[in-house]
Student: 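One structure, as structure tokens, below. Some questions next.
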2 protein chains.
Amino acid sequence: MANQLHLSIDRSSPVPLYHQVVQGIEAAIHTGLLEPGSRLENEIDLAAQLNLSRPTMRKAMDELVRSGLLVRKRGVGTQVVSSQVRRPLELSSLYDDLTNNGSKPTTEVLTFAHVEADAATREALHLAAGAKVYHFTRLRKVGGKPLALMENWVRDDITHIDEDLLKTQGLYSILRSGGVNFRLATQRIGAMVANDYQAPLLETEPGSALVTMERTAVDDTGRNVETGHHVYRGDSYSFEMTLVQR
Amino acid sequence: MANQLHLSIDRSSPVPLYHQVVQGIEAAIHTGLLEPGSRLENEIDLAAQLNLSRPTMRKAMDELVRSGLLVRKRGVGTQVVSSQVRRPLELSSLYDDLTNNGSKPTTEVLTFAHVEADAATREALHLAAGAKVYHFTRLRKVGGKPLALMENWVRDDITHIDEDLLKTQGLYSILRSGGVNFRLATQRIGAMVANDYQAPLLETEPGSALVTMERTAVDDTGRNVETGHHVYRGDSYSFEMTLVQR
DNA sequence: AATCAGAGTATGTCCTAACAAACGGACATG
DNA sequence: CATGTCCGTTTGTTAGGACATACTCTGATT
């Protein structure tokens, strides 16, 4: 039970100590060194072994508990959560998701415009009347098979966007390059049936099931940077997430 | 700018100080006392005003940042980012959601059985061959209108469950009364079209859009307590959540 | 006048220290 | 034998201090 996890802590690294611990324990869990259900040593001993203070050790474990990898119980100890914990739903775009999975997505830009924002967009992005936005629709395919139809509105005072850029990069990657630090996003997931416009583009039948997602993303300065309305083929996409009780 | 938030901290309360601060600031934001975009005073002054140490104040603000209500920036300060931040997706059941919203849901129990678990269920709940589970399907209505069709499998070594109980209480409420402390859940959200079995029950047409959700919930001892497959009417239900970049 | 350096400010990280509360098992008691 | 009480263990909460780092603004220099 006294699982010896020999992590190496680099005090000269710019990476905070607690985060090094997080990465170390995550790695130990994923490589199977720490088995699901096994108990960790207590915080104080672990901290002593790594020459860290208890608060630092605790902060690391806090993160792991939050992300659902560990479970703590007062008076008992801390153990690795059993079962196969999936990647929690993070602030990432579809493009990120797919490239992380090893697929190679392609993007077609169906429409692209730099126009005055309509009322709904102004509301979503908190813009004043007369402000302009980039408005475009894209079709994303994986392995030649269409997967998602995406319509987005992006404020134009962040970075320049054009059609060529959108073909080669995900939207979030472009915005991050433009200096945007995303902090949070609100999204809503639902369902609809494909209409006559969507069906041929997604190479499916009108009346087939689609997953819908509406999302608005906010950056660290509080600006609502982007809002979008996406639909995914219901037979090949679903949202998977891990919820952690706080 | 120096927004005086006169919170009252009760040191004799069993509620931790940092959590009292969280609740106080949350309340201030929701009542509009703290406006979106406004800057808070710095951590040290706030802590001093409430007679708290900086770590305690910081822990409170950490939680608010995690939940997406505040945004911090080194060298600058902390500000309210709110806008219309919705309730994040928590580990709650539909019944909880609805009762919290003031609606009055009713539940019909369509089938109920105490049976040996099939292979898929044994895998989902990590049960040994021959173990028995409660298996039941329920139809949930709000205002007389059907909203969700739910099929669940629950291990039987937790608490007794019967049909009458399910009519009057949500499943999670029953399990919590049985001593289960939920810690995390993995869920997957997708879409499908209603089939001939689902459509009449949900009082909709075959071929209309449904939101699907599969969920497996884990308690604090690492047991997979419950797994379920739910479908919701796409025209009246969607999942809303706030994602926070860590 | 434009640019760069530095002071000031606020959050970020890390430490030592202490007490509280819950859990589980051992032990004593009826 | 059953039940309740005590105690050691482990996490939970809180304090107070120190230094690091990033950002903003101002003043000095070119």
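Letters A, B, ... are given to chains in the order of the sequence lines, protein chains preceding strands, and every chain is numbered from 1. Keep in mind that the numbers below use all heavy atoms, side chains included, and drop hydrogens, waters and symmetry copies.
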Student: May I have the distance from A/K73 (atom NZ) to C/dG24 (atom C1'), rounded to whole angstrom?
Tutor: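 Rounding to the nearest Å, NZ of A/K73 and C1' of C/dG24 are 10 Å apart.
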
Student: List the atom of B/R140, the atom of B/T107, and the distance in Å for their closest heavy-atom pair.
Tutor: NH2-OG1, 3.0 Å

Student: Please enumerate all residues that pass salt bridge (charged side-chain N to carboxylate O under 4.0 Å, His left out) together with B/E43, with sequence neighbours excluded.
Tutor: B/R54, B/R58, B/R72

Student: Rounded to whole Å, how long is the line connecting atom CD of B/E43 with atom P of D/dA18?
Tutor: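 Value for this atom pair: 18 Å.
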
Student: What pairs meet the salt bridge (charged side-chain N to carboxylate O under 4.0 Å, His left out) rule with one or both residues in residues 122-136 of chain A, with sequence neighbours excluded?
Tutor: none

Student: What's the CG-P distance between A/D62 and D/dT11, to the nearest Å?
Tutor: 12 Å

Student: Report yes if at least one side-chain N or O of B/T78 is closer than 4.0 Å to OP1 or OP2 of C/dT11; otherwise report no.
Tutor: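 Checking B/T78 against C/dT11: at least one side-chain N or O falls below 4.0 Å of OP1 or OP2.
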
Student: Identify, with sequence neighbours excluded, every residue that meets salt bridge (charged side-chain N to carboxylate O under 4.0 Å, His left out) alongside B/D162.
Tutor: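 By the salt bridge (charged side-chain N to carboxylate O under 4.0 Å, His left out) rule, B/D162 matches no residue at all.
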
Student: Could you check how far CD of B/Q79 sits from P of D/dC23, rounded to whole Å?
Tutor: 14 Å

Student: Identify, with sequence neighbours excluded, every residue that meets ring pair (Phe, Tyr, Trp, His ring centres under 6.0 Å) alongside A/Y18.
Tutor: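 With neighbours one apart ignored, the set is empty.
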
Student: Once you round it to whole Å, what is the distance between P of C/dT11 and CZ of B/R39?
Tutor: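 Atom CZ in B/R39 sits about 10 Å away from atom P in C/dT11.
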
Student: Can you list everything that forms a ring pair (Phe, Tyr, Trp, His ring centres under 6.0 Å) with A/H19? Sequence neighbours excluded, please.
Tutor: none

Student: Taking only residues two or more places apart in sequence or in another chain, which ones pass ring pair (Phe, Tyr, Trp, His ring centres under 6.0 Å) with A/H229?
Tutor: none

Student: Partners of A/D45 by salt bridge (charged side-chain N to carboxylate O under 4.0 Å, His left out), sequence neighbours excluded?
Tutor: none

Student: Given atom CD1 of A/I44 and atom P of D/dG8, what is their separation to the nearest angstrom?
Tutor: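 Roughly 16 Å, once rounded to whole Å.
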
Student: Specify the separation, in whole Å, of atom CG of A/L46 and atom C1' of D/dT11.
Tutor: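 Going from CG in A/L46 over to C1' in D/dT11 covers 13 Å.
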
Student: With each end axis built from five pairs of C1' atoms, what bend angle do you get for the helix from C/dA1-D/dT30 to C/dG30-D/dC1? Round to 10°.
Tutor: 10°

Student: Quick one: what's the B/S/- string for nucleotides 13-22 of chain C, heavy-atom cutoff under 4.0 Å, read 5' to 3'?
Tutor: BSBB-B--BB

Student: For the pair made of CE in B/M61 and C1' in C/dA10, what is the distance, rounded to whole Å?
Tutor: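 Going from B/M61 (CE) to C/dA10 (C1'), I get 10 Å.
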
Student: Say whether, by atom type as modelled, one donor and one acceptor occur between the side chain of A/T78 and the main chain of A/E41 under 3.5 angstrom.
Tutor: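 No, the answer is negative, given that no donor and acceptor are paired below the 3.5 Å cut-off.
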
